[in-house]
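Notes follow once the structure below has been shown.
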Amino acid sequence: QVQLVESGGGLVQPGGSLRLSCAASGSFFSIYVMGWYRQVPGKQRGLVARITSGGSTNYADSVKGRFTISRDNAKNTVYLQMNSLKPEDTAVYYCKADLVRSLSGVTSDYWGQGTQVTVSD
C-alpha cells in the first residue's frame, strides 16, 4: 500500500545543482527516518544522507558540504539538494523510508524505484 515517489533527477554539468524529492503515500502512521542512497552498476548501494522526523541528519563523507537533506513532515516528503555536483555523483538515487505501521511503534522499510542522476559535460 505504501509508495515512495521520487522526482528531480536528470542530466547536469559538473558544478551544477539538482534537487531530488521523495514523497511517501499510503497507509502508515508516521515517518521515522527517510534517506537517500545511490548505486552504480556493479557496485553496492551506499548511503548518501538520511534524516529523522525530528531533523537529525547524517551524510556520507563524499557529499558533506555539498548536499543538504531536508524534510516536510506535513507533506511526508524528503528532499536532497545537491550542489557542486561532480561526475563521481553519477548514480541511480533511491529513496528509503522507515515508516511506523502499527500502534506499537514497529517500523517497516520501503524503497523508491530510483531516479537517475548524471553529472557530465
Side-chain angles (χ1 to χ4, degrees):
Q1 295 178 349
V2 174
Q3 288 189 338
L4 302 180
V5 180
E6 303 169 349
S7 62
L11 174 64
V12 65
Q13 293 182 336
S17 298
L18 285 173
R19 189 193 192 200
L20 306 183
S21 299
C22 175
S25 63
S27 180
F28 58 90
F29 289 101
S30 63
I31 299 173
Y32 177 54
V33 178
M34 295 186 76
W36 291 94
Y37 296 72
R38 65 187 182 188
Q39 187 172 29
V40 298
K43 296 186 178 181
Q44 65 184 21
R45 190 174 300 181
L47 174 70
V48 178
R50 63 182 180 181
I51 186 169
T52 70
S53 60
S56 179
T57 60
N58 295 99
Y59 296 92
D61 288 341
S62 59
V63 306
K64 287 181 179 178
R66 300 188 297 118
F67 291 9
T68 302
I69 190 169
S70 61
R71 88 293 179 191
D72 186 332
N73 291 332
K75 296 181 179 180
N76 294 323
T77 300
V78 64
Y79 306 94
L80 185 67
Q81 180 66 46
M82 303 184 293
N83 299 325
S84 302
L85 283 162
K86 305 175 180 179
E88 304 93 281
D89 297 317
T90 296
V92 176
Y93 284 69
Y94 295 90
C95 177
K96 180 189 177 184
D98 300 333
L99 305 179
V100 180
R101 299 296 307 281
S102 70
L103 294 175
S104 65
V106 175
T107 61
S108 299
D109 298 340
Y110 296 89
W111 290 89
Q113 74 275 20
T115 184
Q116 177 70 47
V117 172
T118 302
V119 185
S120 176
D121 290 319

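This one's a predicted model, so the numbers in the text were calculated from it and none came from an experiment. Every heavy atom of this structure was used, including side-chain atoms; hydrogens, water molecules and symmetry mates were not.
For the pair Q13 (side chain) and V119 (backbone), a donor-acceptor distance under 3.5 Å is absent. No donor-acceptor distance shorter than 3.5 angstrom exists from the side chain of Y37 to the backbone of W111, with no hydrogens or angles considered.
Between the side chains of S102 and S104, at least one donor N or O sits under 3.5 Å from an acceptor N or O.
Scanning both residues, Q113 and L4, for their nearest heavy atoms gives OE1-O, 3.3 Å. Of all heavy-atom pairs between E6 and G112, the closest is OE2-CA, 3.4 Å. The two atoms that bring A24 and I31 nearest to each other are CB-CD1, 4.3 Å, heavy atoms only. Heavy atoms only, all atoms of each residue included: A97 and M34 are closest at CB-CG, 4.0 Å. The shortest heavy-atom contact between S27 and Q1 is CB-OE1, 3.1 Å. In this structure, Q81 and S17 approach most closely via the heavy-atom pair NE2-CB, 4.0 Å.
Taking hydrophobic clusters as Ile, Leu, Val, Met, Phe, Trp and Tyr residues chained together by side-chain heavy-atom distances below 4.5 Å, Y79 does not share a cluster with V48. Both L103 and V100 are members of a single hydrophobic cluster when ILVMFWY side chains are connected at heavy-atom separations under 4.5 Å.
Exactly one residue among K86, R38, E88 makes a side chain to side chain contact (heavy atoms under 4.5 Å, CB included) with S62. That residue is R38.
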Candidate pair W36 and V78, rule side chain to side chain contact (heavy atoms under 4.5 Å, CB included), full reasoning: CA-CA 9 Å; W36 291 94; V78 64; 3.9 Å; yes
Side chain to side chain contact (heavy atoms under 4.5 Å, CB included) between L85 and L18, worked out: CA-CA 8 Å; L85 283 162; L18 285 173; 4.2 Å; yes
Pair I69-Y59, side chain to side chain contact (heavy atoms under 4.5 Å, CB included): steps then yes or no: CA-CA 9 Å; I69 190 169; Y59 296 92; 3.4 Å; yes
side-chain hydrogen bond (donor to acceptor under 3.5 Å, both in side chains) between R66 and N83, intermediate numbers included: CA-CA 5 Å; R66 300 188 297 118; N83 299 325; over 6 Å; no
Worked verdict on M82 versus V117 for side chain to side chain contact (heavy atoms under 4.5 Å, CB included): CA-CA 10 Å; M82 303 184 293; V117 172; 3.9 Å; yes
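Proximity of V12 to T118: side-chain heavy atoms (C-beta onward) are nowhere separated by under 4.5 Å. Side chains of Y110 and L99 form a contact here, defined as non-hydrogen atoms less than 4.5 Å apart. Residues S53 and S30 have side chains not in contact (no heavy-atom distance under 4.5 Å, counting atoms from C-beta outward).
Rounding to the nearest 0.5 Å gives a distance of 8.0 Å between OG of S56 and CZ of R50. Between atom OG1 of residue T115 and atom CG of residue L80 there is a gap of 11.0 Å, rounded to the nearest 0.5 Å. Between C22 atom SG and R71 atom CZ the span is 15.0 Å, to the nearest 0.5 Å. Note that CG of D98 and OG of S108 are 9.0 Å apart. Values are rounded to the nearest 0.5 Å.
Remark: R45 is positioned above the aromatic ring of Y94, its terminal NZ or CZ atom under 6.0 angstrom from the ring centre and at most 45 degrees off the axis.
For CD of Q116, the number of neighbouring non-hydrogen atoms (other residues, nucleotides, ligands) closer than 6.0 Å is greater than 12.
Using a 30° and 60° split on the angle between ring planes, F67 and Y93 fall in the tilted class, from 30° to 60°.
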